[in-house]
Amino acid sequence: MNLTLNTSDVQYQLVQDAQSLESACQSLATAKVIGIDTETTGLDPRTHRLRLVQIAAEKMPVMIVDLAAIPIAKLKPLRQLLTNDSTKVFHNGKFDLSFLSMANLQSTGPYFDTQLASQVLFAGLKKSHTLAALASKFLKIELNKDLQNSDFSGKLSNDQLEYAAIDAAILLPLQKVLSAHLKRAQLLPTAFLEFEAMPAVAQMELNGMLLDQQKWLAVSLDLEAKKQVAALQLKELKIRHSSQLSLLPEYTDCVNPESPQQVLAALQSKGIPIDSTNKKTLIPLASQYPIIRALLDYRKSKITSPSLLEHVHPVTGRIHAQYRQCGARSGRFSCRSPNLQNIPRDKAIRSCFVASPGYKIIKADYSQIELRITAFLSGDRRMLKAYQQGRDLHTLTASLITGKPLSGITAEDRRLAKAINFGLIYGMGAAKLQVYAETEYGVMMTLEEAQLFRKRFFQVYSGVAKWHDRIRSTVYGRGVREIRTIGGRRRRWENKPRLSELLNHPVQGTSADITKIAIAKLFKTLGKTGAKLIGTVHDEILLECPEEQVAPVSRILQKCMLSAAAQFLNPLPVGVEIQVQESWG
DNA sequence: GGATCTAGCGCC
DNA sequence: AAACGGCGCTAAATCC
């Protein structure tokens, strides 16, 4: 394997006319693998322009296409090259594909993304995944990135051209060495799963979500008003309750309810025995102390009203959040600017995310996917059987734990069972279960009851108990610092992981793998339906679909999601719930 | 004065 | 013996 690349003699050819483009593309078309990089006038594909497209292949000079010099109509050879069946190697291809797509230069796979490859390889560890870091680590080449943010809009210097050429050329040896590492670590399937999802994610970001700004303004004003009322109540209570503490000025006037430190000190000074002001500490005390009730009300009204309006794009009028495919150690997506994965479920709030005129929002959720994965991984007979029979696992758990017949399970029983199911599969203790059930599901229980429920849960689902034991003895107990999903996605730890983390990754990570496969399949299948992928929230996929296409697209969506899950969970049945609405709410 | 950390909380 | 995991955002607190 030839991994040497002397950056000082990377050859390149600057292409500024149609004829040179055609001949350069002809040579490059013979390559099985090409490295592609782009230079742009900025970071926003909607407002900044694509200036250069650099394409490298082994033993050829890097072709640098100057898009400022060649009319769009003459780019056909480039289009052909981008859509041939060679492997296209990118570094953070989401960025390049977004700009190519906006320049009406579509490309097709197969793709290899060196950044995603590195992230898959080192998931869980603190590593840098920049191109310079990878070049240094794997090729012992120190890239000079001084020109990365230089002005690529005007006349280009030789230094800029050389920089551009090197960034494309280096992708080829990097792809080789990363492939070898992925193969050795048995991570090729996971990496390819990421590569196939990558163009879908790029398109998802470009599509964005439409926010009804009028509606949102009304909702956020309403939230703000509620917050003011709560703050006022809080202030009055504080002043009254602390009036006798006039020697301590910070408690006499008002305490900033936003400051956990001040709130903690203030509450402690009133003799309330707490060591934290978080929800789970305060909720049990709320009935006893009006001030705590007021504080909780204040926080509730404070519901993160992220600066959504600031994220509405001036050109498209839509919100284009950034999804990071390997943003979470488990393989889940993370999302930011804004984080659309933690928008409150409150209908009033989610209803502000709407479909364009003539479109519908199609929202699809996997049903209890993490519990199903747990059933599969543990092999628990009772859970597997319940799912095979199409039963509702929460109701079953409620019945098994309370001893009531299935027909006698109330809504509260089922909420209790949800808390038990979701809490205990990752090994929650009784004390935490008690608090968790109350704060998340509004179900009260004594510590003794929590202990009993916990004991019963592991009795009735003994396969889950055995699965915990197995991980405890073969991984946790031996100090192993890595674990994998069903599909082989690996997460590693710098230090000894907690048992709960080891139990969680195979479940949460498998769920992420399934969603990513579904998104990749969907992207390939939606084709000319006009439906657009606009968001994903872990086990949920959101599409915006032309009204007349809703029926076929719903079927496609369901089929893609079910077949993605079947890749790992077959023959366990999986459920997908599809809703067609005017909005996300 | 800006960068980073912490607590708390929204979502799955 | 006891232990639920994964994120990003905001404001306050703290560090440099």
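Nothing here was measured: the structure is a model prediction, and the numbers come from that model. Each chain gets a letter, A, B and so on, in the order its sequence line appears, and its residues count up from 1.
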Original post:
Is the phosphate of dC7(C), meaning OP1 or OP2, less than 4.0 Å from a side-chain N or O of Arg329(A)?
Top reply: yes
**OP:** Please determine if a side-chain N or O atom of Arg491(A) lies less than 4.0 Å away from the OP1 or OP2 oxygen of dG6(C).
**Re:** yes
Original post:
Taking the side chain from Arg350(A) and the backbone from Pro344(A), do they hold a donor-acceptor pair closer than 3.5 Å?
Top reply: yes
Subject >> Ion pair check, Asp413(A) and Arg415(A), cut-off under 4.0 Å >> reply: no
**OP:** Name all stems that contain residues of DNA chain C, defined as runs of 3 or more consecutive Watson-Crick or G-U wobble pairs, both distances under 3.5 Å.
**Re:** B:1-4 with C:13-16, B:6-12 with C:5-11
Between [atom2] of [N] and [atom1] of [X], the distance in whole Å:
X	N	atom1	atom2	result
Ile274(A)	dA7(B)	CD1	P	14 Å
Phe458(A)	dA2(C)	CZ	C1'	12 Å
Leu542(A)	dC12(B)	CG	P	11 Å

**OP:** For the side chain of Glu501(A), starting at C-beta, report the closest nucleotide among dC7(C), dG5(C), dG8(B).
**Re:** dG5(C)
Subject >> Selected nucleotide, minimal atom distance to Thr277(A) side chain, candidates dG8(B), dC12(B), dG6(C) >> reply: dG8(B)
Original post:
Does Lys496(A) make a cation-pi contact with Tyr476(A) (under 6.0 Å, within 45 degrees of the axis)?
Top reply: yes
Original post:
How is Arg336(A) classified with respect to the nucleic acid when contacts are heavy atoms under 4.0 Å: base, sugar-phosphate, or nothing?
Top reply: sugar-phosphate
**OP:** Take atom C1' in dA3(C) and the same atom in dG10(B), then report the distance between them in whole Å.
**Re:** 24 Å
